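Every value quoted in this text rests on a predicted model; they were computed, and no experiment measured them. In what follows, residues are counted from 1 in the order of the sequence shown.
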Amino acid sequence: MEIRASTVLPARREPIELHTGDGLTLVGELALPPERPPVATLVCLHPLPTHGGMMDSHLYKKAANRLPALADLAVLRFNTRGTSSERGTSEGAFAGGEGERFDVAAALEYAEFHDLPRPWLVGWSFGTELTLKWGHDPVVQGAILLSPPLHRATDADLDAWAAFGRPLTVLVPELDDYLRPEEARRRFARVPQAEVVGVDGAKHLWVGEPYVRIVLDEIVRRVNPAAHPLPTEVAGA
C-alpha cells in the first residue's frame, strides 16, 4: 500500500493533558509505536495559533499518523494556551510567545515524568520561536526547526542556543514567505552546531506530499537514523 496524505498507520494513541506552571491545562495527544517502546520522542510546537496553527497542523498530524509505526518514534502534540483543534481547546490565551514558555516546559515535564526517551523539539514557524527561546532544557537532545521566521527569536536567542550546545537542524523552504535559505544560513551562522537545509520548491506551509516526505525523512535522519530513509509503501491495507 502506498503511503498517501490520508494514510493513518497503527499506533497506540491516547489523549493527554499538560499542566503548566502558571496553572493552565493544555490538551494534546501522544502517539506511541504500536508494539514496542519508542527509541526517541518528538515534542511538536505548532505554528501561530492566530493564523490557524494548532496541534493538527498537517505536518504534525502526518508525523503522528506515520512515524510511530515507521520509525519507532513517540509523537507528542498539544495545543498551546488558547489554541483549539479537534482534540479541544487549551486553557488561557495566546501570549505572543512569552507566556508559552510555561507550555514548552509542561510538555517537556510530561515527557520526562512519563519516561519518554530522548526528547527532540520540532518547531514549525511560531513553534521555532518557542523552541529557540524556551527549549534550553537539559532533557532536550536537539531540535529541528521548520520554516523559522526569526521574528520573535533574536540573535540573543540564537546565541543562547549556541551556548546550549544541542544539535539544531533548520529546514528552510526555497520560497518561504519570511526567511529563505541564503539569509537563514547567514543568521544561523552564529550557532556553530546548526545545519541549515534548503528545500527546493517548498513554501512556508510545506503543502504537498513530496514536501511532507522530505520533512519527515529529515526528522527521522536526525532522531532515529536507523529508520532512514522512510518507506513510501507499507504492507497491508
Heavy-atom pair of closest approach, residues Leu146 and Val122: CD1-CG1, 4.0 Å
Check: Asp176 side chain, Ser147 main-chain N or O, donor-acceptor pair, under 3.5 Å: no
Any side-chain heavy-atom pair of Val199 and Pro173 under 4.5 Å: no
Heavy-atom side-chain proximity of Trp124 to Val215 below 4.5 angstrom: no
Presence of salt bridge, Arg185 and Glu182, under 4.0 angstrom: no
Expected output: side-chain Arg166 to main-chain Pro138 donor-acceptor under 3.5 Å: yes
Sequence-distant partners of Glu91, salt bridge (Lys or Arg N to Asp or Glu O under 4.0 Å), two or more places apart: none
Check: Glu29 main-chain N/O paired with Arg87 side-chain donor or acceptor under 3.5 Å: no
Check: Trp134 side chain, Gly97 main-chain N or O, donor-acceptor pair, under 3.5 Å: yes
More than 12 heavy atoms from other groups under 6.0 Å of CD on Glu209: yes
Residue of the set Asn79, Thr20, Ile16 for which side-chain contact (heavy atoms from CB on, under 4.5 Å) holds with Leu26: Thr20
Tyr178 (side chain) donor-acceptor with His204 (main chain) under 3.5 angstrom: no
Salt-bridge present (Glu183, Arg180; N to O < 4.0 Å): no
Salt bridge (charged side-chain N to carboxylate O under 4.0 Å, His left out) pairs, two or more places apart, involving residues 194-203: Glu195-Arg222
Gap separating the NE2 atom of His151 from the OG atom of Ser125, nearest 0.5 angstrom: 8.5 Å
Cluster link Trp161 to Leu130, ILVMFWY, side chain under 4.5 Å: yes
Shortest non-hydrogen separation from Pro167 to Gln141 and the atoms involved: CD-O, 3.1 Å
4.5 Å side-chain heavy-atom contact, Arg13 and Asn65: yes
Spacing of Leu45 atom CG and Thr128 atom OG1 [to the nearest 0.5 Å]: 9.5 Å
4.5 Å side-chain heavy-atom contact, Leu168 and Leu132: yes
Close side-chain approach of Leu121 and Leu108, heavy atoms under 4.5 Å: yes
Closest non-hydrogen atom pair between Leu150 and Phe188, with its separation: CD1-CE1, 3.8 Å
Short N-O contact, Glu98 and Arg152, less than 4.0 angstrom: no
Sidechain N-carboxylate O distance under 4.0 Å for Glu86, Arg77: no
Heavy-atom side-chain contact between Pro68 and Arg12 under 4.5 Å: no
Nearest atoms (heavy-atom pairs only) where Val212 meets Lys62: CG1-CD, 3.8 Å
Aromatic ring pairing Tyr110/His114, orientation class (parallel under 30°, perpendicular over 60°, tilted between): parallel
Close side-chain approach of Ile3 and Leu70, heavy atoms under 4.5 Å: yes
Exercise: identify the closest heavy-atom pair between Pro49 and Phe94: CG-CD1, 3.6 Å
Over 12 foreign heavy atoms within 6.0 Å of CD, Gln193: yes
Shortest non-hydrogen contact from Leu59 toward Leu216: O-CD2, 4.3 Å
Centroid separation His46 to Tyr60 less than 6.0 Å: no
Hphob cluster co-occupancy, Val197 + Leu230, side-chain heavy atoms under 4.5 angstrom: yes
Heavy-atom side-chain contact between Ile219 and Trp120 under 4.5 Å: no
